[in-house]
Amino acid sequence: VSGDDSTTTTTTTTTTTTTTTTTGHSNAIVVHRIPNVSLLQDLTLIDTPGTNAVLSNHTARTLKLLPSADLILFVTSADRPFPESERLLLQSIQAYRKNIVIVINKMDILDATGGDHGEKEKRKVANFVSENAADLLGSRAVVLTISAKDALVAKLIHGKDNESTSVWKRSNFSSLEKFLKETLTEETKIQAKLLNPLGVTEGMLNDCVKVLNGRRKELDSDIATVNLLKNQMISWKRDMEHDVSRFEKSVHEVLVYELERCRSFVKNLGWVERYVLCLNGDESQLVSKWNDTKSITLSQDIELELSSMTRDFCDDIATSSRAQGQAVIEYLGKRPAVVGQNLIGSVTAASRFENTRKDLLEKMTHALKSVYASYDADAEKMSLFQSIKSTTYTSCALHVLAASSGVFTATQMVDAVPGTMATVGLAMSGAGILSYSNQHLVKDYESRWKQREEKLNVALSRLCSKEIERLHKRILDGVAPYTRYVETEEELLKTLNTQCEELSNSTQILRNRILKTR
């Protein structure tokens with residue numbers, strides 16, 4: 001490879017007859033066939049145009065030839081060593097893991113730069129090239145300094161006896177010939193032929209890894225976005241569950257007021273007042289007492305209060321869902337994954353949430369009605385009053401009998417002991433039946449409301465959980481094309497990276513086996 005646009009000359013120490021073939025095409029290749037030269041047996045030397053050639057296609061032709069080369073003589077010029085174009089070319093060659101030898105030509109130009117034919121300047125140039133080549137190749141390369149011009153002059157003038165001349169020695173061309181003879185043995189040629197396709201494969205794998213790393217880097221922001229989306233949706237779902245818990249707690253508090261209403265009513269209804277209200281037969285006063293036990297926090301009947309709370313809760317759920325869905329769409333809609341100039345996995349419009357409130361409210365209202373289908377406030381109130389009246393009448397009757405027994409005992413119409421026992425027994429029964437009746441009424445009333453509360457909690461909990469899951473899925477479905485692309489692309493890149501690693505390991509094993517055949 002000629003690094004610059006100058007001509008690179010290759011000579012041998014043997015005088016031979018050459019055959020030259022030239023095609024008449026503008027991109028012609030001149031082929032020199034030199035017989036009877038042992039070094040050139042099974043060997044083809046190609047002098048490429050280099051990187052700074054006049055014709056633009058010369059560089060392309062150079063790059064096309066490089067992958068198939070078994071050994072590369074990278075020729076640079078002493079007057080302008082390692083310009084940027086050559087650095088880039090050498091870097092691209094290294095990707096194919098080729099055997100590279102750096103040849104610094106035109107060293108004769110430096111002869112006039114100081115004493116001893118510019119030896120100091122020549123060493124400076126050689127060190128500069130060696131250091132830069134090591135940085136580019138990752139290891140110290142073989143660097144040979146020559147003057148093809150001096151070598152050609154020595155051969156043309158002195159022929160076979162050129163090796164003893166000062167011009168030939170100064171050209172240092174013999175070091176290149178010696179290197180080629182020692183390096184290009186039959187074994188090394190076979191080894192180079194075997195290693196060449198491996199190097200090309202390794203170069204292609206390196207290119208693939210670079211492309212995959214580039215795609216992964218572009219995808220990283222989208223992966224982070226998808227993970228952020230998932231975390232946000234988990235947080236939103238958790239917030240919704242907390243809202244459901246607060247709603248259930250509010251429902252429980254309302255039901256507790258009603259559950260304890262009977263206990264409060266019975267407790268505040270004294271015995272004497274109870275006898276007076278019941279014996280008068282005026283239920284309006286009982287109704288007034290019952291209404292006084294209604295919680296001041298409830299603005300309306302319990303069923304209406306629960307319905308109002310349910311509507312407010314459905315409004316909150318619908319508003320939160322709509323806001324979350326719109327926020328996700330607006331954020332992700334600005335971040336579609338870009339491959340080339342095509343948008344892949346662009347976010348579709350989010351599912352609409354207009355019917356969320358209506359659907360949820362209908363379901364929850366139906367659940368309320370199902371639980372309270374058997375509830376009749378007036379009927380339960382009248383049943384409670386009737387039980388109180390019946391118990392009060394019974395208690396009054398027992399107390400009347402106790403009083404009569406006491407009169408009979410006092411007037412000695414009955415024996416004192418039996419009369420006294422009967423009086424005490426009847427009086428205690430009259431008082432006891434009121435206490436027992438109160439406990440039974442309260443227990444029965446609380447039992448009915450606890451059953452309603454349990455049924456309502458189960459129904460609302462199931463409805464809310466299903467609705468949150470449905471809304472969660474609806475929001476995620478709105479961005480499914482985007483998230484699906486990102487996840488699929490991530491999995492594909494992982495698979496391709498794994499395959500590249502496996503192939504790289506296989507080529508390295510094969511390379512080691514070939515190198516051990518020496």
Side-chain angles (χ1 to χ4, degrees), residues 229-261 294-295 297-330 347-380 445-480 483:
L229 164 65
K230 291 179 178 178
N231 292 332
Q232 285 182 341
M233 290 305 300
I234 291 173
S235 298
W236 174 82
K237 187 177 180 182
R238 190 184 301 117
D239 291 342
M240 289 295 96
E241 291 171 349
H242 289 164
D243 290 344
V244 171
S245 297
R246 285 193 291 269
F247 171 67
E248 291 176 346
K249 184 178 179 181
S250 299
V251 171
H252 172 72
E253 290 173 352
V254 171
L255 294 176
V256 165
Y257 290 136
E258 188 66 27
L259 185 142
E260 294 180 348
R261 191 175 182 184
K294 180 182 177 181
S295 173
T297 61
L298 298 181
S299 59
Q300 49 196 339
D301 292 338
I302 184 170
E303 191 170 1
L304 295 176
E305 184 71 21
L306 290 176
S307 297
S308 177
M309 292 171 58
T310 301
R311 284 194 298 273
D312 293 339
F313 174 72
C314 291
D315 287 341
D316 292 340
I317 289 291
T319 301
S320 176
S321 302
R322 186 185 302 110
Q324 179 69 11
Q326 289 175 348
V328 168
I329 296 305
E330 289 175 3
V347 181
T348 60
S351 302
R352 298 183 179 274
F353 294 89
E354 284 80 357
N355 295 325
T356 298
R357 178 189 177 281
K358 180 181 177 183
D359 293 342
L360 182 58
L361 181 58
E362 286 179 356
K363 294 175 183 177
M364 295 185 73
T365 301
H366 178 71
L368 283 172
K369 290 181 178 179
S370 298
V371 172
Y372 290 98
S374 61
Y375 173 64
D376 186 337
D378 292 335
E380 289 195 6
Y445 190 86
E446 290 181 349
S447 176
R448 288 199 302 271
W449 279 100
K450 283 182 179 179
Q451 289 177 1
R452 289 170 182 152
E453 181 184 8
E454 290 175 359
K455 291 179 180 178
L456 186 60
N457 283 339
V458 171
L460 294 181
S461 179
R462 288 178 179 175
L463 278 175
C464 292
S465 297
K466 289 177 66 175
E467 187 64 19
I468 290 174
E469 286 293 339
R470 188 177 69 84
L471 293 171
H472 182 267
K473 183 177 182 299
R474 178 181 291 184
I475 295 173
L476 291 180
D477 286 346
V479 295
T483 55

Which value, rounded to the nearest 0.5 Å, describes the distance between [X] atom [atom1] and [Y] atom [atom2]?
X: Arg357; Y: Ile317; atom1: CZ; atom2: CD1; answer: 12.5 Å
X: Leu306; Y: Met364; atom1: CG; atom2: CE; answer: 10.0 Å
X: Cys464; Y: Glu241; atom1: SG; atom2: CD; answer: 11.0 Å
X: Arg238; Y: Ile468; atom1: CZ; atom2: CD1; answer: 12.5 Å
X: Leu368; Y: Thr310; atom1: CG; atom2: OG1; answer: 4.5 Å
X: Met233; Y: Leu471; atom1: CE; atom2: CG; answer: 9.0 Å

Between Ile475 and Ser321, which heavy-atom pair has the shortest distance, and what is it?
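Smallest heavy-atom distance, with atoms named: CD1-O, 4.0 Å.
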Could you walk me through whether Val328 and Leu229 pass the side-chain contact (heavy atoms from CB on, under 4.5 Å) test, one step at a time?
CA-CA 7 Å; Val328 168; Leu229 164 65; 3.6 Å; yes
So does Arg470 have more than 12 non-hydrogen atoms from other groups sitting under 6.0 Å from CZ?
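Correct, the count exceeds 12.
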Which residue in the set Glu469, Gln324, His472 passes side chain to side chain donor-acceptor pair (under 3.5 Å) when paired with Lys237?
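The side chain to side chain donor-acceptor pair (under 3.5 Å) with Lys237 is passed solely by Glu469 among Glu469, Gln324, His472.
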Listed pairs under 3.5 Å, donor-acceptor, residues 247-254 side chains, sequence neighbours left out:
from   : atom 1 : to     : atom 2 : distance (Å)
Ser250 : OG     : Arg246 : O      : 3.0
His252 : ND1    : Glu453 : OE2    : 2.2

Please answer whether the main-chain N or O of Leu304 pairs with a side-chain N or O of Ser308 as donor and acceptor at a distance below 3.5 Å.
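A pair under 3.5 Å: no.
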